[in-house]
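Lettering of chains follows the sequences in order, A, B, ..., and the numbering in each one begins at 1.
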2 protein chains.
Amino acid sequence: MEQKIILTVDVVLFTLVEGGLQVLLLKRTHEPYMDQLALPGGYIHAETDVDSRAGARRVLKEKTGLVSPYLEQLYSFSGGARDPRGWSVSIAYYALVDSTVLIEQGPTACTLLPVDDLPQLPFDHNRIIAFAVERLRNKSAYSALPCYLLPPAFTLTELQKTYEMVIGNKLDKSAFRRKLNDLDFLEPVAEVRTGVHRPAQLYRIRPTRNLVLFDRLISK
Amino acid sequence: MEQKIILTVDVVLFTLVEGGLQVLLLKRTHEPYMDQLALPGGYIHAETDVDSRAGARRVLKEKTGLVSPYLEQLYSFSGGARDPRGWSVSIAYYALVDSTVLIEQGPTACTLLPVDDLPQLPFDHNRIIAFAVERLRNKSAYSALPCYLLPPAFTLTELQKTYEMVIGNKLDKSAFRRKLNDLDFLEPVAEVRTGVHRPAQLYRIRPTRNLVLFDRLISK
DNA sequence: ATATTTAGTTGCATTTTGCCACTAAGTAGA
DNA sequence: TCTACTTAGTGGCAAAATGCAACTAAATAT
């Protein structure tokens, strides 16, 4: 007893600009909801996608040209009400990307909108985005996740500002640096960022497969 | 362009006995892998299940007779290699239940096996269980999750032992109680547990919708 | 009464954190 | 080149949180 169930993947791609956290939306090229802004998504290709993660990566690449340094399965949204075509499942992923890469290598016709001020979107995409924002905010408070919103090398002040924008409160510079030092997941690179004032040491994430997790939330 | 993709839900039901964390397995009643031990699972019923969570709840109820106080979506496992019938998706859930309820109300023909010593199981069920164990262990270290492995009212010593068995290290009694006191998510009930020695106050989780999360891991 | 066992609390040294002031290294302008 | 300014980065210390151990409390059994 099997049923005709629609299976798609959707990707919530985040980036950070001066105004705050943004999500990438594209004009839909097919029915339903043709021409409306929505999350990049598409059908699973059973012949070519080894699993849903590969499908999400492919969809992101095909629709935006981007390869994200961080792609994680978010949740599977399902039910008979979320898609007019019938009972459906969307395996949703979220991805983080540096805004300069997005602007340089991203699609020409994409829209970046602030996550806290979105229009009404098709399907349950508002719910998916809200879910992804919550996950990103929660996980950022106890992990190295915000690093992936920055270019490969960044200064500690840039990283602190990124944490502050994502988790939504100010952090103390000295406590922040002490924590980074204890956690020891960053290493200096042989460059500094020069500006009009004192140059700042650049750092990168130590090459490691997994996301670094903390043993407590960063709060102040 | 749609494909014939198999969609199922599987449920990893945990309980805690003296020997440690156990997972419930059932003899499969259908092909493939008929008569082999596997996770309780089944097809989504698009006509009756409002979403995959309802499907998981229904499958658990139908196959084991149990209603869990805690049911959470774990992950969606997918690909062409995990099921001999073809490209498939399993939306996996995990659930926690008190062992006395399981023994009294659970199915007559079920098997409880320790999570650290499982035989080879069909599909990718070993992987699903490993994933669920990891989630449970990680999340237990910063949440009230282990409470759901106990009956509705329990003593603080019982709760401490539960945390210790799940996260795998000894905790200090006074630090543990201080933390519970600060977090304030338990309330005493009007009963004590009497044994051969000093009676112990019974507590329950304060009625709240959501799982209580801590701001740091409990470690010692 | 006393020994024993488990429940539950209290005190204190140690560690971690939040806060603030300080030094360092650059630019710009007088 | 001296001074003011800005951002980078560090150091010191009071306050808070934690780990550890000893203590009291309430039951049973002999």
Side-chain angles (χ1 to χ4, degrees), chain A residues 18 140-144 146-147 150-151 153-165 167-204 212-220, chain B residues 18 140-144 146-147 150-151 153-165 167-204 212-220:
Chain A
E18 313 73 50
S140 290
Y142 65 89
S143 77
C147 296
L150 289 169
F154 46 80
T155 70
L156 299 188
T157 302
E158 288 164 358
L159 184 59
Q160 185 179 337
K161 296 293 167 232
T162 302
Y163 271 92
E164 289 175 346
M165 293 188 82
I167 69 182
N169 57 24
K170 290 278 168 207
L171 301 175
D172 175 72
K173 181 165 64 164
S174 123
F176 182 73
R177 283 161 187 248
R178 191 166 44 204
K179 178 161 281 272
L180 291 179
N181 211 58
D182 293 349
L183 288 164
D184 197 40
F185 67 93
L186 296 179
E187 60 186 14
V189 299
E191 279 175 282
V192 291
R193 170 138 309 153
T194 54
V196 72
H197 295 297
R198 175 173 172 176
Q201 179 65 52
L202 286 165
Y203 292 84
R204 64 170 187 182
V212 174
L213 300 177
F214 311 160
D215 64 359
R216 49 171 306 181
L217 306 184
I218 46 173
S219 42
K220 278 284 170 53
Chain B
E18 313 72 52
S140 290
Y142 64 91
S143 77
C147 296
L150 290 169
F154 45 81
T155 71
L156 299 188
T157 301
E158 288 164 0
L159 185 58
Q160 185 180 336
K161 296 291 166 233
T162 302
Y163 270 92
E164 289 174 349
M165 293 188 83
I167 69 182
N169 56 23
K170 290 280 169 206
L171 301 175
D172 175 71
K173 182 164 63 161
S174 103
F176 182 72
R177 284 163 188 246
R178 193 166 42 204
K179 178 161 282 270
L180 291 178
N181 213 57
D182 293 348
L183 289 165
D184 197 41
F185 68 93
L186 296 178
E187 60 186 13
V189 299
E191 279 176 282
V192 292
R193 169 138 308 156
T194 54
V196 72
H197 294 298
R198 174 172 173 176
Q201 179 64 53
L202 286 165
Y203 292 84
R204 64 170 186 181
V212 175
L213 301 177
F214 311 159
D215 64 358
R216 48 171 305 182
L217 305 184
I218 47 176
S219 41
K220 277 283 170 53

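For the pair A:Gln201 CD and C:dA24 C1', the computed distance is 14 Å after rounding to whole Å. In this structure, the CD atom of A:Glu191 is 17 Å from the P atom of D:dA8, given to the nearest Å. We find that CD of A:Glu158 is positioned 12 Å from C1' of D:dT7, with the value rounded to whole Å. Atom CG of A:Leu180 is separated from atom P of C:dT17 by 12 Å (rounded to the nearest Å). In this structure, A:Gln160 atom CD and C:dG18 atom P are separated by 12 Å, rounded to whole Å. The distance from atom CG of B:Leu186 to atom C1' of C:dG8 is 15 Å, rounded to the nearest whole Å. Rounded to a whole Å, the CZ atom of B:Arg177 is 17 Å from the P atom of D:dT18. Following rounding to the nearest Å, B:Leu217 (CG) and C:dT16 (P) show an atom-to-atom distance of 14 Å.
A donor-acceptor contact under 3.5 Å links the side chain of A:Ser174 to the base of D:dG11. In the interface, the side chain of B:Arg178 is not paired with the base of C:dG8 through any donor and acceptor atom under 3.5 Å apart. Checked by distance alone, B:Thr194 brings no side-chain donor or acceptor within 3.5 Å of a matching partner on the base of D:dA27. No donor-acceptor contact under 3.5 Å links the side chain of A:His197 to the base of D:dT7.
A perpendicular orientation is assigned to the rings of B:Tyr163 and B:Phe176, their planes being inclined by more than 60° (bins at 30° and 60°).
Residues B:Arg216 and B:Lys179 have side chains in contact (heavy-atom distance under 4.5 Å, counting atoms from C-beta outward). Looking at heavy atoms from C-beta onward, B:Thr157 lies in side-chain contact with B:Arg177 at the 4.5 angstrom threshold.
Rounded to the nearest 0.5 angstrom, B:Lys170 NZ and B:Lys173 NZ are separated by 13.0 Å. Rounded to the nearest 0.5 angstrom, B:Glu164 CD and B:Thr162 OG1 are separated by 9.0 Å.
Of all nucleotides listed (D:dG19, C:dT10, D:dA8), D:dG19 comes nearest to the side chain of B:Ala175. Side chain of A:Lys179, nearest nucleotide from D:dC5, C:dC20, C:dT17: C:dT17. For B:Arg198, taking side-chain heavy atoms from C-beta onward, the closest of the listed nucleotides C:dG26, C:dT6, D:dT28 is C:dT6. Ranking D:dA8, C:dA7, C:dT17 by closeness to the B:Lys173 side chain, first place goes to C:dA7. Of the candidate nucleotides C:dA25, C:dC20, D:dA26, C:dC20 has the atom lying nearest to any side-chain atom of A:Asp172.
With DNA chain D read from its 5' end, the first of the two nearest nucleotides for A:Leu156 and B:Asp182 is the one closest to A:Leu156. Mapping B:Ala200 and A:Val196 onto DNA chain C by nearest heavy atom places B:Ala200 at the nucleotide closer to the 5' end.
Nucleic acid contact for A:Thr155: none, since no nucleic acid atom lies under 4.0 Å from a heavy atom of the residue. As judged by a 4.0 angstrom heavy-atom cut-off over every strand, A:Arg216 is placed among residues touching the sugar-phosphate backbone only.
Minimum interatomic distance between B:Asp172 and B:Gln160 (heavy atoms only, all atoms of both residues): C-NE2, 4.0 Å.
Among B:Leu217, B:Ile167, B:Val212, B:Asp215, the one residue that satisfies the side chain to side chain contact (heavy atoms under 4.5 Å, CB included) test with B:Tyr142 is B:Leu217.
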With a 3.5 Å cut-off and sequence neighbours excluded, list the donor-acceptor pairs that the side chains of residues 183-193 of chain B form with protein atoms.
{"unit_1": "B:Asp184", "atom_1": "OD1", "unit_2": "B:Arg206", "atom_2": "NH2", "d": "3.0"}
{"unit_1": "B:Glu187", "atom_1": "OE1", "unit_2": "B:Arg206", "atom_2": "NH1", "d": "3.1"}
{"unit_1": "B:Glu187", "atom_1": "OE2", "unit_2": "B:Arg204", "atom_2": "NE", "d": "2.7"}
{"unit_1": "B:Glu187", "atom_1": "OE2", "unit_2": "B:Arg204", "atom_2": "NH2", "d": "2.7"}
{"unit_1": "B:Arg193", "atom_1": "NH1", "unit_2": "B:Glu158", "atom_2": "OE1", "d": "2.9"}
{"unit_1": "B:Arg193", "atom_1": "NH1", "unit_2": "B:Glu158", "atom_2": "OE2", "d": "2.4"}

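Between its opening and closing five pairs, the helix from C:dA1-D:dT30 to C:dA30-D:dT1 changes axis direction by 10°, a value rounded to 10 degrees.
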